[in-house]
Asker: 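One structure is given below, represented as structure tokens, and several questions about it will come after.
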Amino acid sequence: MRRIVWIALALFPCPLMFAQDDLTAVPNRPTVSTTAQPVQPGVLETEWGVDAAGSHQDINGLLKYSVSTNFELRFANNPFAEDSGTHGVGDTALGFKYRFLQDSGHQPSMAFIYMAKLPTAGSVVGSGETDHAFAWLVSKDLGKQHFDFNAIANLLGRPQGGFDRAYLYALAWSAPLHGKWGATAELSGVTSPSPSTPGNAQFIASAIYTLRPRLVLDIGMMGRVTGDIPDAMFVAGFTYSIARFHR
């Protein structure tokens, strides 16, 4: 536990070394769901976070680059993960997000995400198999309130070949509170992929602080509703727009 806290503290100051202030971050964290809105065109953006519970800790990272107004490339990695005393490098995921409908009037934003998980963690802290995720994202602003809904089909690789299937659903709300402070809450759940692995459900409540338009901090708690997951988990992290490489 101490190790993950020290690594996180080393990572958090890194964004402050950059000087540009003309960008606006588009956080995907700390919720399970992902907003349909891509990063600003031509912008490279990163997210880093810490999850910490009694039996599980990890550092998770996400790198996003918007090739165009509606198309975003994504690279995710957990450089550190620990489960019940076993620790190592986590898995890596590659994919993209494509927004095919923009928020306008009564119409929400809609997007599609595909991600392939590469088993860089091996079978020690991961499954050791390649997985695929296909997600439908819906986002809508209602005044100052923002809502995200995700429906995700996960194909989970089996050691003997083929895939198990698990379906994840998540609904998130966020809104400004006062000054630079905001809040977000989410309820999510995933179905059972196999008879030996039960489904689960959880909720997240988090405070959001916009230090600058391009740098957003978050801190909160995740709680178990049902399933074989930690009863409570501390979550904290940041989203930072690094630079714009083209317009």
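What you see below is based on every heavy atom in this structure, not just the backbone, and it leaves out hydrogens, waters and symmetry mates.
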Asker: Under a 3.5 Å distance rule, please check whether D164 uses its side chain to pair with a backbone N or O of L156 as donor and acceptor.
Answerer: no
Asker: Nearest 0.5 angstrom please: T239 OG1 to N28 CG, how far?
Answerer: 7.0 Å
Asker: How far apart are the closest heavy atoms of R29 and F238, and which atoms are they?
Answerer: CD-O, 3.6 Å
Asker: Any donor-acceptor pair under 3.5 Å linking the side-chain atoms of E72 with those of S66?
Answerer: no
Asker: Determine whether F75 and T92 make a side-chain contact, defined as any pair of heavy atoms from C-beta on separated by less than 4.5 Å.
Answerer: yes
Asker: If only side-chain N and O atoms count, and only distance matters, is there a donor-acceptor pair under 3.5 Å linking E186 with S33?
Answerer: yes
Asker: Give the intermediate values and the outcome of side chain to side chain contact (heavy atoms under 4.5 Å, CB included) for residues V216 and I208.
Answerer: CA-CA 7 Å; V216 180; I208 308 296; 3.4 Å; yes
Asker: Which pairs with one or both residues in residues 132-141 pass salt bridge (Lys or Arg N to Asp or Glu O under 4.0 Å), sequence neighbours excluded?
Answerer: D103-K140
Asker: Is any side-chain heavy atom of K97 less than 4.5 Å from a side-chain heavy atom of L137?
Answerer: yes
Asker: Check whether any side-chain heavy atom of N60 lies under 4.5 Å from a side-chain heavy atom of D51, and answer yes or no.
Answerer: yes
Asker: If you apply the rule side chain to side chain contact (heavy atoms under 4.5 Å, CB included), what do you find for W48 with I59, and how did you get there?
Answerer: CA-CA 7 Å; W48 286 95; I59 294 176; 3.9 Å; yes
Asker: In the single-linkage hydrophobic clustering (I, L, V, M, F, W, Y; side-chain heavy atoms under 4.5 Å), do V39 and L23 co-cluster?
Answerer: yes
Asker: Nearest heavy-atom pair of L63 and T46: which atoms, and what distance?
Answerer: CD1-CB, 3.9 Å
Asker: Can I get a per-line list of side-chain donor-acceptor pairs under 3.5 Å for residues 223-235, giving both atom names and the distance, sequence neighbours left out?
Answerer:
| from | atom 1 | to | atom 2 | distance (Å) |
| --- | --- | --- | --- | --- |
| R224 | NE | D231 | OD1 | 2.9 |
| R224 | NH1 | G227 | O | 3.3 |

Asker: Membership question, hydrophobic clusters at under 4.5 Å side-chain separation (ILVMFWY): are V67 and F96 in the same one?
Answerer: yes
Asker: Under 30°, 30 to 60°, or over 60°: which ring-plane class applies to H132 and F163, parallel, tilted or perpendicular?
Answerer: perpendicular
Asker: Testing the basics here: between F71 and Y98, what is the closest heavy-atom pair and its distance to 0.1 Å?
Answerer: CD1-CD1, 4.1 Å
Asker: Rounded to the nearest 0.5 Å, what's the gap from NE2 on H106 to CG on L142? Could you check?
Answerer: 10.5 Å
Asker: Should the ring pair F149 and W136 be called parallel, tilted or perpendicular, given that the plane angle runs from 0 to 90° and is split at 30 and 60?
Answerer: perpendicular
Asker: Do the side chains of D148 and T35 get nearer than 4.5 Å, heavy atoms only?
Answerer: yes
Asker: On a heavy-atom basis, which atom in R244 and which in H246 lie closest, and how many Å separate them?
Answerer: CG-O, 3.3 Å
Asker: Side chain to side chain contact (heavy atoms under 4.5 Å, CB included) for M115 and D131? Distances and angles first, verdict last.
Answerer: CA-CA 8 Å; M115 295 293 288; D131 302 336; over 6 Å; no
Asker: Evaluate the side chain to side chain contact (heavy atoms under 4.5 Å, CB included) criterion for residues V138 and F147: first the C-alpha distance (whole Å), next the side-chain angles of each, then the deciding distance (0.1 Å), finally the verdict.
Answerer: CA-CA 8 Å; V138 182; F147 296 89; over 6 Å; no
Asker: If I take atom OG1 from residue T191 and atom CG from residue N200, how far apart are they, to the nearest 0.5 angstrom?
Answerer: 9.5 Å
Asker: Is a side-chain N or O of S206 found less than 3.5 angstrom from the main chain of A185, in a donor-acceptor match?
Answerer: no
Asker: Answer yes or no: is there a side-chain heavy-atom contact under 4.5 Å between L44 and K64?
Answerer: no
Asker: I need the L171 CG to S188 OG distance, nearest 0.5 Å.
Answerer: 10.0 Å
Asker: Restricting to non-hydrogen atoms, name the atom on A166 and the atom on P193 that form the minimum distance, rounded to 0.1 Å.
Answerer: CB-CB, 3.9 Å
Asker: Do R158 and S194 touch side chain to side chain, with heavy atoms closer than 4.5 Å?
Answerer: no
Asker: About how many Å separate CG of L215 and OG1 of T24, when rounded to the nearest 0.5 Å?
Answerer: 12.0 Å
Asker: Report whether I152 and F134 are members of the same hydrophobic cluster (ILVMFWY, side-chain heavy atoms less than 4.5 Å apart, transitive linking).
Answerer: no
Asker: Enumerate donor-acceptor pairs with a distance under 3.5 Å from any side-chain N or O in residues 173-182 to protein atoms, sequence neighbours excluded.
Answerer:
| from | atom 1 | to | atom 2 | distance (Å) |
| --- | --- | --- | --- | --- |
| W173 | NE1 | Q145 | OE1 | 2.6 |
| K180 | NZ | L211 | O | 3.3 |

Asker: Indicate, with yes or no, if Y114 and V190 share a hydrophobic cluster defined by side-chain heavy-atom contacts under 4.5 Å among Ile, Leu, Val, Met, Phe, Trp and Tyr.
Answerer: no
Asker: Determine the minimum heavy-atom distance between T130 and P119, stating which atoms define it.
Answerer: OG1-CD, 3.5 Å
Asker: So Q102 and S104, do their side chains get closer than 4.5 Å, heavy atoms only?
Answerer: no
Asker: Just how far is it from atom CG of N150 to atom OH of Y169, taken to the nearest 0.5 Å?
Answerer: 12.0 Å
Asker: Give a yes or no on whether I204 and L168 share a hydrophobic cluster (residues Ile, Leu, Val, Met, Phe, Trp, Tyr; joining criterion: side-chain heavy atoms under 4.5 Å apart).
Answerer: yes
Asker: Quick one: sort the Y65 and F245 rings into parallel, tilted or perpendicular, breaks at 30° and 60°.
Answerer: perpendicular
